[in-house]
Undergrad: 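Below are the structure tokens for one structure; questions will follow.
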Amino acid sequence: MSSKKRSSDSVEVDNHKIDSNSDKLRKKMKKGKKNDGEITNPGDTMSDDKASGEHLRKRLKNGKKDDGERAKPKNHDNSSSADKPMERKKKRKALDKEKHRVASDDNGEVKPKVANLEVKQAENRSSNGLPEFHIGVFKDLGSADVLVREAAAERLVMELQEVQKAYDMLENKKDVEGEVKLEAEKNDGLNNCAPSVRYAIRRLIRGVSSSRECARQGFALGLTMLVGTVPSIALDSLLTLIVDLLEVSSSMKGQEIKDCLLGRLFAYGSLARSGRLIQQSAFDSEHVKEFTSSVISLATKKRYLQEPAVVIILQLSEKLPVEIVLKQVLEAPGLLEWFEGAIEAGNPDALLLALKLKEKIVADNKLFGKLLPDSYSSGTLFSADHLSTLANCFKESTFCQPRVHGVWPVLMNILLPAILPQHADSAIGLNSAKKHKKNRKSSSYDEDIQKNLQNFWDIIIERSLLLSSHDRKHLAFDIILLALPRLPVSCIPIVFSYKIIQCLVDILSTKDSWLYKFAEYFLKELSEWVSHDDGRRVAVTMALQKHSNGKFDCITRTRTVKDLLSGFNTKSGCMLFIQNLIDMFLDVSSASEEPSDQSQTTDDNSEIGSMEEKGYVETRGISDFLKSWVVDSIPSILKHTKLDNEEKFCVQKEILKFLAVQGLFSSSLGTEVTSFDLDEKFRWPKAATSSSLHRMCIEQLQLLLANAQKGEGPHAVASGREANDLGSYFMRFFSILRNIPSVSLFRSLSDEDDKVLKKLQAMETQLSREERNCGMSVDANRLHALRYLLIQLLLQLLLRPGEVSEAASEIRICCKKLFPSPDLIDSDDEEDGNDEAHELMDVFVDTLLSLLPQSSAPMRSAIEQVFKYYCDIVTDNGLLRMLKVIKKDLKPARHQKADSEEDDDDDDLLEIEEAEESDEAESGDTTADVDNDLLEQSEDSEGGTVGNEVHVKQDSDESDDGMDDEAMFRMDSYLAQIFKEKRNQTGGETAHSQLVLFKLRVLSLLEIYLHENRGKPQVLKIFTNLAQAFVNPHTTEGSEQLDDRICKIMEHEIFKAKHYPKGESVQLSVLEPLLEKNLKLAGKMLKKKKSAITPSKKKQSASFQRYRKIVNLAQNSTYWILKIIDSRGFPEAELGRVFDILENALVRYVDDKNSQLKPQFLKEIFRRWTWVGQHFFGFLVEKCTSAKSKFRQVEALDLILEILKPYILVKDGNDEAKEMISVHLSRVSNLIKELVTNMPEKQAKRAEVRKFCGKIFTFLTSYKLSTQFLESLDPEVHSACESQIGKAFLDLKRQQE
């Protein structure tokens, strides 16, 4: 009973305390807000446990008694702290800590701490007839978890709805208000609300001003739901309460002011979203006007409040009837003044509100001030005059960076409306006849959009934003990204204007620029936008290149344009891009205003007029550099496309027509000519095309034809005259255009060149006819390759007049003799009689070689294709002429002469040191020597000793002046010109590089020959000459590329080829000298030159690398030659010379300390060809016994084991192996005796000897020869074996016993 009495007393005390302190707490909240807006202090709260309840009751009683006493020091503190702001700050912090400490005692649950109700709290409330309200939900409203906030708001509304329902049912509401009051009485107008609801509303309004976590969002959600579900809350009272509770006082600073203003903003937003204003607008719309006025008043206080305030008004206006918007929203106090001052202040939010309201209603435009034109329409809104007045508003919209202001999406919707179905064609951007079939309405619609966009882009984007700060440049590109989803293809050139592209280029050209990362992001988004639309891809690519003079990727150091070009995968996309490139090349945009020449007019004024326009077009037209990009880009479009043959051929034809017209021809009458045969019109630029562009077009045309020839694969019979044959189409196209009177070649040809050109045309026509008659055959492939070679010669004749006339004539004569036809017999062929002395194929090969030195890549490709189909009938003389080019010395003749004495003394071009032993001197061969007999077999009569020993220098007179004209022609006419240049030039560097290039091109032909003629005897001849060329340092001097090319050809096409020369044509007498020379070459050591100047490390390294390549070549050559010998299956009697050569190599290896033969090389020979090891087993055992060097003796033991290895693992024995070891058992015994009696000094070598002996003993045991072996050993040898060999020998003796 005493506890109940104390509880009732505590309630009275607490109520009185809350009433007396509520004003103090509110003032304290205004001076320093708590984060969640809760009002808690030791006098307002209580705990659930009894101990904390007693503690609070005592403090409350003491507070009541000492209230008057504490008032005086508090006033004193205020007066003193006015002079000490730090004192006030410390006290405020201490008070906050005390509040948090008391709140933490509640274990995270916020409960009503009005009085010490303890267990009787529920009973007291139930006695009043009101349900219980848990205010702990306010804490969850500030949670960062959105689900927790939503659950708390729902619980809050549900409980307060029950409380309000119960309160509405009470008859005597004053008794409840008098018994339990959560706050002191206020004249807030919420008289119809339950005390808990009144408390919650005030608590929620204060909470939206809190910056703690997500308290502002959570409390705003609770306020929205509560106001929307409890109709007893009066709107006018609520608006007043929002202003009163979140009033900004003069004592507030910084963050406090911001929190109050944002709190009011969120409170207004909650009221607008609750739906109460819309519900009551049907019978009382004055609240809407008051609400709008309050929001506008709030927006004028701070700039960052303007846009969200406008959003609140717009969200409300969207749900209101049009009449109410007109009367209540637009006529709200302060709104008109806000609109009128927007232009001068640069207020984009007022413009946003005006535009959105104008979409909903039809009202007098004067209500919006000068923000909207008098006669509102998209045309007047985006007129130049009106946009100029709005420029300040647009510029000031950057204050919300990096976010894009809300006015821009609204403007984009008006500027670029959603594309309607009837206007879909205009967005495709295809240059087709569909554009001309649109109705007038559609055309006018597109023109209006383009006009509005052009005005907007010119005045706002280019003149206002791009010329200002970085933020406004950033905004300009943000607007482009915003416009992209709606942007039709026809408007892309307007958006991506010159100034936009230049700004983008300037940003990307410097990585340190402030907008560089954003520019990269912009390009990424742009690439994504065009990725699935060829029309967009074409328009963007053209804009980027046109406004950067074709250097966008170069300046920005990106791959943007290259990636865009690689994205064309459809025929329509390729054709669209080609057409746009052609228009750019012809400068159609700048010349579109002028009347075109539709016919071949002969009016004198037309030519004069075009000449007068040249200067004008040149100044404003595109540059030659951009035109060169066009010429380069048109053929490259096919590089990444995956079109079928028919589609690819159509694209190739369009490219060919452009390159042929612009590169080969010019029009003498006007800039447009119609061909009735082709039913097409051809155009030329008004400005004369430069010679460099003509040359570039021809080069690209050659490349196009070469790629077309490569892409055809195996030749198939054409179903029509020129089905999928680009060469035939070109020749027909060329003939038709040349026959048009007003069209002529871009340059005049000499009589000789013109005659050759006509003959090439006639020959190509004849070969094409023959090709169609051949069907599927080898001749069809040959004819096809020859036709393309003739086409390349025709283009080369136009590209470089006079240089290929002679070669073209020779090729034509060869074609006529290879495929004779009575239609081509003419009397003016003076060359026919001169060719009778030479074989046709020799002349043919010589002519092909003469075209190689300065030919372009497409020409070389055509030559290689011809050689591929004719290499099987190339004569040995023709092949040797090619090899002779490879073997020509790169070292100038004057250097050879000076070094002749040194060469005679040294006699070693490989820089490999000669051994000084007598047996080496007798051999007289160096690593670079080549057998004279072999060379005589591999060379023809001309040149005498072309295959002479490679270290012997050819005299310059013999290699140059000694040849007559016919010899020069047979070998290479251009090579003679190189020699003449070498004599005339001081250093010969130009001739050197040209000759290296020429050799590389001839090597490509030889590679084709080897690939097509594998296994033929000529392969051995090519191998011999290539090896000589590689070994001779003057052949590849200073060209590592040439060295590597020769090595690669020999490795892949000779050594690793599945087929190799076989049959009776491969004579053993030819292979034996090659084997001998390669074995000597593999065993020579690197020579160190004696010089006063020490060579650099780079030169020493290069010399050593070359030496290793030569040794490796010699070893592989030895394997290859032995493989050929083994394949022939010669009887042992015929292999005597081969065995002698191998024996000499083994002798040098064992006895000569300077021999560089590698043990692994010899072991590999024994492993691959066991018959070689069997033959040399006894000889090698004897040589090891008498070896002069212990080092070589121990190394040679591995060779013996390698010979025996195939037989050691055989368990049952082998008669052949047993016979071999039995015959040489005495030699084996002598070897064992020599090894155990004269053991090496080094431990490692002794281990090798023991290992060898152990394996020999195992071999003897396996073949039951141990008894004979032991009997052949002397007693002292037995003792030596026991002491040196140990266990292995004892096991051998034990097995015998």
Side-chain angles (χ1 to χ4, degrees), residues 1132 1143 1146 1149-1150 1159 1162-1163 1165-1167 1169-1297:
E1132 188 173 353
E1143 182 179 329
L1146 290 173
Y1149 170 71
V1150 176
L1162 297 174
K1163 288 168 66 175
I1165 292 176
F1166 294 150
R1167 186 187 67 80
W1169 299 283
T1170 56
W1171 53 271
V1172 177
Q1174 291 177 8
H1175 180 83
F1176 289 106
F1177 176 76
F1179 172 78
L1180 196 55
V1181 170
E1182 184 177 355
K1183 290 300 295 181
C1184 285
T1185 305
S1186 60
K1188 299 178 182 179
S1189 170
K1190 278 292 179 182
F1191 176 79
R1192 285 297 171 84
Q1193 183 185 48
V1194 175
E1195 273 194 346
L1197 297 178
D1198 283 342
L1199 300 180
I1200 297 175
L1201 292 178
E1202 186 65 33
I1203 296 173
L1204 295 176
K1205 185 179 291 185
Y1207 312 110
I1208 290 177
L1209 301 177
V1210 179
K1211 296 182 179 179
D1212 299 334
N1214 185 286
D1215 294 338
E1216 184 179 359
K1218 185 175 182 179
E1219 181 181 358
M1220 180 183 67
I1221 196 70
S1222 299
V1223 172
H1224 304 291
L1225 187 59
S1226 60
R1227 296 181 178 179
V1228 174
S1229 301
N1230 292 334
L1231 177 59
I1232 297 296
K1233 175 182 177 181
E1234 176 64 23
L1235 292 173
V1236 298
T1237 55
N1238 296 285
M1239 290 290 285
E1241 296 179 358
K1242 293 184 178 181
Q1243 182 65 31
K1245 300 299 180 184
R1246 289 201 296 270
E1248 292 291 332
V1249 171
R1250 294 191 187 98
K1251 177 182 176 182
F1252 171 77
C1253 293
K1255 290 190 176 182
I1256 290 295
F1257 295 159
T1258 303
F1259 184 85
L1260 293 173
T1261 302
S1262 301
Y1263 289 94
K1264 299 179 181 180
L1265 297 173
S1266 56
T1267 303
Q1268 299 178 23
F1269 172 72
L1270 291 174
E1271 291 176 354
S1272 63
L1273 298 178
D1274 296 334
E1276 58 272 14
V1277 178
H1278 276 264
S1279 301
C1281 287
E1282 291 177 0
S1283 60
Q1284 298 294 339
I1285 307 302
K1287 184 177 181 300
F1289 184 74
L1290 294 176
D1291 291 342
L1292 181 66
K1293 292 179 65 176
R1294 197 176 297 114
Q1295 290 178 2
Q1296 181 196 9
E1297 296 173 357

Undergrad: Donor-acceptor pairs are to be reported for all side-chain atoms of residues 1193-1204 against protein atoms at under 3.5 Å, with residues two or more places apart or in another chain.
TA:
residue, atom, partner, partner atom, Å
Q1193, OE1, K1190, NZ, 3.0
Q1193, NE2, C1184, O, 2.8
E1195, OE1, Y1149, OH, 2.9
E1202, OE1, K1205, NZ, 3.3

Undergrad: I need the S1266 OG to D1291 CG distance, nearest 0.5 Å.
TA: 11.5 Å

Undergrad: Distance check, rounded to the nearest 0.5 Å: S1186 atom OG versus L1231 atom CG?
TA: 10.0 Å

Undergrad: If the condition is ring pair (Phe, Tyr, Trp, His ring centres under 6.0 Å), which residues does F1176 pass it with, not counting sequence neighbours?
TA: F1139

Undergrad: When the side chains of residues 1273-1282 are checked against the rest of the protein, which donor-acceptor pairs come out under 3.5 Å, sequence neighbours left out?
TA:
residue, atom, partner, partner atom, Å
H1278, NE2, L1270, O, 3.1
S1279, OG, P1275, O, 3.3
E1282, OE2, K1293, NZ, 2.7

Undergrad: Do F1257 and I1285 make a side-chain contact, defined as non-hydrogen atoms from C-beta onward lying under 4.5 Å apart?
TA: yes

Undergrad: In sequence, state the C-alpha distance, the side-chain angles, and the governing distance for N1230 and E1234, and then conclude on side-chain hydrogen bond (donor to acceptor under 3.5 Å, both in side chains).
TA: CA-CA 6 Å; N1230 292 334; E1234 176 64 23; over 6 Å; no

Undergrad: Is the shortest heavy-atom distance from the side chain of F1289 to the side chain of I1232 under 4.5 Å?
TA: no

Undergrad: Kindly check if the number of other-residue, nucleotide or ligand heavy atoms within 6.0 Å of CD (Q1243) is above 12?
TA: yes

Undergrad: Tell me, with the steps shown, if V1181 and H1224 meet side chain to side chain contact (heavy atoms under 4.5 Å, CB included).
TA: CA-CA 8 Å; V1181 170; H1224 304 291; 5.8 Å; no

Undergrad: When rounded to the nearest 0.5 angstrom, what distance separates CD in E1143 from CG in L1180?
TA: 10.5 Å

Undergrad: Please report the interatomic distance CZ(F1259) to CG(L1265), rounded to the nearest 0.5 Å.
TA: 7.5 Å

Undergrad: Which atom names give the shortest non-hydrogen contact between L1225 and F1269, and what distance separates them?
TA: CD2-N, 4.0 Å

Undergrad: Specify the closest pair of heavy atoms between P1240 and K1245, including all atoms of both residues, with the distance to one decimal.
TA: CB-CB, 3.5 Å

Undergrad: Enter the distance from K1287:NZ to R1294:CZ here, rounded to the nearest 0.5 Å.
TA: 7.5 Å

Undergrad: Would you compute the distance between atom CD of E1182 and atom OG of S1226 and round it to the nearest 0.5 angstrom?
TA: 9.0 Å

Undergrad: What closest approach, in Å, do V1236 and M1239 show between heavy atoms, and which atom pair accounts for it?
TA: O-CG, 3.7 Å

Undergrad: Nearest heavy-atom pair of R1227 and F1179: which atoms, and what distance?
TA: NH1-N, 3.8 Å

Undergrad: Would you say E1271 and T1267 make side-chain contact, with heavy atoms under 4.5 Å?
TA: yes

